[in-house]
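One structure is given here, and the rest of the page talks about it.
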Amino acid sequence: VQGSPRGVDVVAFDGDDTLWHSEHLFTEAQARMAELLAPYVERDELEARLRETERANLPLFGFGVKGFTLSLIEAAIDLSGGAIPARDIGELVALGKSMLDHPVELLDGAAEAVEALADHHPLVLVTKGDLVHQESKIARSGLAARFARIEIVTNKDAATYRRIIAATGTSPERFVMVGNSLKSEIEPVLAVGGHAIHVPYEHVSHHEHVADLTALQGRYHEVASLREVPAVVAQIAARSIDR
Ligand SMILES: [Mg+2]
């Protein structure tokens with residue numbers, strides 16, 4: 001990746017719930033599962049058990065829709081004491097498949113932000129989940145050609161970002177990550193010395209928070225919309241040349 005003469009070399013984006021909608025599919029699948037299991041269990045207990053099952057399965061399945069679907073099935077069997085009919089299991093499988101081939105819906109301003117930034121910076125897409133599903137979403141997003149590099153990763157931790165920053169030939173202080181998740185895109189990037197722009201998503205499923213914002217020396221930025229991202233990147237770039 002060729003470096004830019006300005007203070008920012010590389011701008012990286014998360015995919016799910018940053019460039020395209022994703023979380024609502026999980027929420028809707030869970031609501032349908034709750035209907036199927038209404039004869040056996042209360043909604044609250046179902047949600048708690050499903051979260052627990054997903055967490056326990058994460059080391060085996062990794063993140064993504066396929067693992068989520070298997071966890072739906074496992075939790076449905078457990079919560080119904082084995083009584084759930086095969087046709088309902090079949091419906092959970094169909095639900096998982098419909099999540100996998102659901103149309104990719106870009107967030108407002110995603111195409112414009114990517115277009116605007118691609119003129120000035122090499123862009124990297126850093127996304128996590130099932131390889132086939134992520135590849136298919138990237139292809140269907142219409143944005144693939146704008147990215148100099150696409151990274152589909154298992155974990156979004158500091159080591160992952162260190163590797164990506166090194167692979168693009170830049171240094172952390174000239175790297176900007178844009179994402180909706182504080183845990184996956186903001187905290188680990190700040191931890192390795194990069195800049196992070198948080199674009200919170202409307203359907204955040206659990207509360208997250210950044211540990212110590214005061215210690216970050218202006219490397220943490222929050223915007224309400226992707227439309228603001230190009231201007232924030234320009235500010236970061238301008239500030240780092242002044243230094
Ligand atoms: Mg995301």
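Ligands are counted one by one from 1 in listed order, and the atoms in each one are counted from 1 as well.
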(request) Using a cut-off of 2.8 Å, count how many protein N, O or S atoms are strictly closer to the Mg ion (ligand 1). (result) 3

(request) Using the side chain to side chain donor-acceptor pair (under 3.5 Å) rule, pick out the option among T160, T154, N155 that qualifies with D157. (result) T160

(request) Sorted by first residue and then second, give each salt bridge (charged side-chain N to carboxylate O under 4.0 Å, His left out) pair with at least one member in residues 118-144; sequence neighbours left out. (result) D16-K137

(message) Any salt bridge linking E45 with R43? Criterion: basic side-chain nitrogen under 4.0 Å from a carboxylate oxygen.
(response) no

(message) Strictly by side chain to side chain donor-acceptor pair (under 3.5 Å), give each pair with a member in residues 83-103 just once, sequence neighbours left out.
(response) R32-E91

(message) Any heavy-atom pair between the side chains of V192 and F175 that's under 4.5 Å?
(response) no

(request) Applying side-chain contact (heavy atoms from CB on, under 4.5 Å), name anything that partners A76, two or more places apart in sequence or on another chain. (result) M33, L37, I84, L92

